[in-house]
2 protein chains.
Amino acid sequence: MRVPRKTGNSKLVKKLNKGEVLQQVIQHGQISRADISKETMLSRPCVSALVEEMIQEGLLHEVGMGDSKGGRKPILLEYNYQAYAIAGVIFEGTTLDMAIADLKGEFLARYRKRLALPSNGETVIEDLAAGLEQLLEESGIERERLLGVGVGLQGVTQRGSGTVSFSPSTGWMGSPIQQTIEERLGLPVIIDNDVNMMTLGEYVRGAGVGHSNVVYMYVGTGIGAGIILDGQFYRGSREAAGEIGFMMIGPVNNRPNDASGVFETNYSTSGILQQAKGFLSDLQEGSSVIEELIRLARQNNADAQRLLDDVYRHWAYGMANIVSVLNPELLILSGEMVHVDEEGVKRIHDWLNEWVPEVPSLEKASLGERAGLIGAVHCVLEAFPFSRLLDKE
Amino acid sequence: MRVPRKTGNSKLVKKLNKGEVLQQVIQHGQISRADISKETMLSRPCVSALVEEMIQEGLLHEVGMGDSKGGRKPILLEYNYQAYAIAGVIFEGTTLDMAIADLKGEFLARYRKRLALPSNGETVIEDLAAGLEQLLEESGIERERLLGVGVGLQGVTQRGSGTVSFSPSTGWMGSPIQQTIEERLGLPVIIDNDVNMMTLGEYVRGAGVGHSNVVYMYVGTGIGAGIILDGQFYRGSREAAGEIGFMMIGPVNNRPNDASGVFETNYSTSGILQQAKGFLSDLQEGSSVIEELIRLARQNNADAQRLLDDVYRHWAYGMANIVSVLNPELLILSGEMVHVDEEGVKRIHDWLNEWVPEVPSLEKASLGERAGLIGAVHCVLEAFPFSRLLDKE
DNA sequence: TCTTTGTTAGTAAAGTTAACTAACTCTATG
DNA sequence: CATAGAGTTAGTTAACTTTACTAACAAAGA
């Protein structure tokens with residue numbers, strides 16, 4: 001059996017069953033002991049005992065009576081989402097974005113700060129710690145009830161070892177940052193790439209809800225993807241899965257250096273801008289290339305129309321490749337792609353229908369800038385499966 | 001907990017522990033009770049009891065004494081691989097290839113038959129049943145000790161429902177073939193696509209041993225792949241994962257119909273033959289296009305050299321795409337690709353190094369035509385995890 | 001009166017620890 | 001050189017603990 005066991009004693013069973021009971025309560029929102037017994041195949045006395053313990057531990061609440069089904073009314077139980085809390089952190093370019101959330105993932109307080117640049121690793125961590133204090137105060141949560149902190153950042157993270165190999169904006173290049181933050185905060189920390197965090201956020205709360213094979217495709221100044229297969233995040237053998245910017249799409253010999261992939265070089269926003277140089281005047285800060293191209297195309301600018309079509313077509317190539325390999329049921333479009341208009345999405349979808357069998361649904365990311373934070377919170381929830389709560393006592 | 005439970009009683013634990021003990025024995029080949037206790041964290045008396053039961057059930061054997069480590073000599077235990085048996089079946093074009101194996105996956109007898117064409121579903125099943133009888137007789141295994149039959153066939157299989165949606169050679173188009181065979185044989189049956197079976201075979205016994213993120217890439221008259229991620233077979237949301245023949249590689253508009261993918265149309269053996277028409281006389285039955293091209297290229301035939309380079313390059317495109325998405329640690333080359341010479345493999349590898357980070361090892365399939373059968377046997381072994389054996393009694 | 005919910009009490013299953021027997025190695029000593 | 005006995009390791013027996021089960025019952029309602 002794959003279940004991790006510490007002592008090999010039979011308490012294991014109890015914990016498993018307790019976890020199962022807890023899961024039932026969470027799943028159903030409100031449920032009675034009798035119904036838990038039916039769902040779990042555990043006897044009613046056993047369920048009663050487990051529930052009793054969890055009420056003592058503060059994990060469950062009795063919330064009132066349900067409707068009778070021809071006999072005594074059931075006592076409804078509810079999960080105490082306030083029993084513990086979690087913090088999420090996202091470094092997005094030069095801003096630090098944080099939130100504290102309950103076990104449901106609901107935000108209880110939020111905090112943002114513009115980082116002073118150039119930042120070095122130390123000041124950034126102090127900013128983070130200060131933000132956390134602020135959040136704790138604002139939400140009225142005691143520090144002991146914090147389970148952990150999820151941190152998302154741009155760059156290449158090695159989740160296993162908790163190190164960052166490339167992350168200019170935070171000044172954390174190459175350091176074992178997870179451990180450093182853990183020591184500063186005195187809390188468990190999970191770090192991950194920001195695209196992964198957004199993927200997770202959309203998966204649990206956004207466009208991906210209800211699916212289990214999802215690819216989150218991001219086009220910005222780079223191109224990347226987050227991949228969830230059979231309900232599990234897939235990271236690859238060396239955390240490099242989803243580096244779809246390296247697919248062989250478009251001219252092969254344009255690349256400025258080995259760190260930029262072919263697809264990325266040609267069809268990320270920077271690649272598109274390069275191609276649009278002839279007819280597109282400089283964009284102002286914060287505006288979108290695609291929106292601009294769409295605007296021009298609607299004014300019958302032939303260059304813009306041609307380029308837009310080319311971009312859509314090659315993005316569709318990328319999707320076709322992904323679909324061929326992974327056969328996901330859903331492709332979430334994010335970054336620059338959320339600006340594609342309805343007609344554009346339809347065009348892409350039609351191409352896919354022509355090229356590949358089993359075309360997935362295409363949906364735009366639905367959580368906007370909150371996706372990353374939500375993901376950061378949920379990655380902690382995932383890392384502390386409910387069974388872990390049962391250890392705390 | 002995800003573990004399926006039938007009765008919710010505490011016998012579950014025992015079965016889990018029994019399974020763990022069994023797994024230790026299998027893993028170590030020979031091991032003593034004391035060492036099992038250390039590995040599993042179960043107490044020695046508990047291990048003794050479980051082992052005793054399994055010896056009674058015929059699953060384990062005492063095989064002698066081990067070396068003393070300063071005290072009493074340990075009694076070594078061994079798994080009884082002969083306790084049960086498994087059959088594997090592959091329909092390969094017009095031949096039926098079968099084997100019966102022990103729980104180690106070692107073949108005990110083998111059977112081949114050329115099928116009469118045109119075959120219809122019924123005669124094929126009778127051929128299969130006859131083959132099984134023969135195998136049982138030849139190996140001296142009693143029917144009751146057969147755990148199940150793994151069947152691999154060309155075509156699109158829906159493993160969940162046990163149906164085949166496309167399989168001209170067997171005449172089983174669209175039928176719930178798994179159930180039909182189960183009823184005819186009176187044994188559990190697992191069906192799967194032949195490429196999947198070969199993938200599994202190479203994974204457990206061939207080039208893939210010791211890796212857990214493996215892509216098995218097959219180029220023949222079609223192009224396909226089998227995918228193993230984090231040690232699990234990945235099939236996609238509708239069993240269409242690994243349909244890499246649909247990647248967007250090469251000219252898009254050559255396709256004869258929607259059932260052929262772009263990559264496949266251009267760079268499967270048929271696609272290559274198409275391109276070689278000008279200078280390659282017809283091949284005789286059973287010879288390889290690539291071998292032929294390599295032969296001609298070595299004779300300084302410029303056309304052959306150009307085409308071969310083009311083929312290698314575009315195969316490498318395919319690999320680069322796969323690697324970008326999945327970051328496997330190993331890519332197994334099979335089908336026509338096993339004929340690529342050392343220099344060709346090196347050229348492909350160099351390209352990959354240029355194009356993508358984290359290039360996986362490239363290895364040719366090592367089991368030849370036995371891969372599929374080995375996979376068919378192992379897929380039954382996987383489907384009947386050892387814990388299941390403990391139910392049999 | 002019949003159902004459904006929840007609890008109490010006694011029992012059974014499967015693990016644990018502690019203590020014991022068995023069998024072997026190593027070393028010191030006559 | 002052989003050999004007693006001290007120390008180790010393997011496996012078993014016995015008593016105890018944990019945890020879930022069944023059966024019976026009380027509470028509350030249709």
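Close to D:dA20, at under 4.0 Å from its OP1 or OP2, lies a side-chain N or O of A:Asn17. At C:dT5, none of the side-chain N or O atoms of A:Lys73 fall inside 4.0 Å of OP1 or OP2 (strictly under the cut-off).
Here the P atom of nucleotide D:dA20 and the NZ atom of A:Lys15 are 13 Å apart, to the nearest Å. For the pair B:Lys14 NZ and D:dT19 P, the computed distance is 19 Å after rounding to whole Å. Nucleotide C:dA13 holds its P atom 18 Å from the CG atom of A:Leu42, rounded to whole Å. Following rounding to the nearest Å, B:Glu53 (CD) and D:dG11 (P) show an atom-to-atom distance of 18 Å. B:Leu16 has its CG atom 15 Å from the C1' atom of C:dA13, to the nearest Å. Spacing between atom CD1 of A:Ile31 and atom C1' of C:dT4 amounts to 15 Å, rounded to whole angstrom units.
Between A:Glu62 and A:Arg33, at least one side-chain nitrogen of the basic residue sits less than 4.0 Å from a carboxylate oxygen of the acidic one, meeting the salt-bridge criterion. Taking 4.0 Å as the cut-off between side-chain N and carboxylate O, A:Asp102 and A:Arg145 do not count as a salt-bridged pair. Using a cut-off of 4.0 Å between Lys/Arg side-chain N and Asp/Glu carboxylate O, B:Lys15 and B:Glu20 are scored as not salt-bridged.
B:Val149 has its side chain out of reach of B:Ile190: every pair of non-hydrogen atoms, C-beta onward, lies at least 4.5 Å apart.
Checking D:dA20, D:dA24, C:dG15 against every side-chain atom of A:Arg44, the shortest atom distance belongs to D:dA24. The side chain of B:Cys46 approaches C:dT16 more closely than any other nucleotide in the set C:dT16, C:dT5, D:dA20.
Where A:Gly71 and A:Ser43 each meet DNA chain D at their nearest nucleotide, the meeting point lying more 5' is that of A:Ser43. Both B:Lys38 and B:Pro45 lie near DNA chain D, and the one whose nearest nucleotide falls closer to the 5' end is B:Lys38. Two residues, A:Lys69 and A:Glu62, neighbour DNA chain C, and the one matched to the more 5' nucleotide by heavy-atom proximity is A:Lys69.
Judged by distance alone with a 3.5 Å cut-off, no donor-acceptor contact links the side chain of A:Arg72 to the base of C:dT4. At a cut-off of 3.5 angstrom, the base of D:dG11 holds no donor-acceptor pair with the side chain of B:Arg33.
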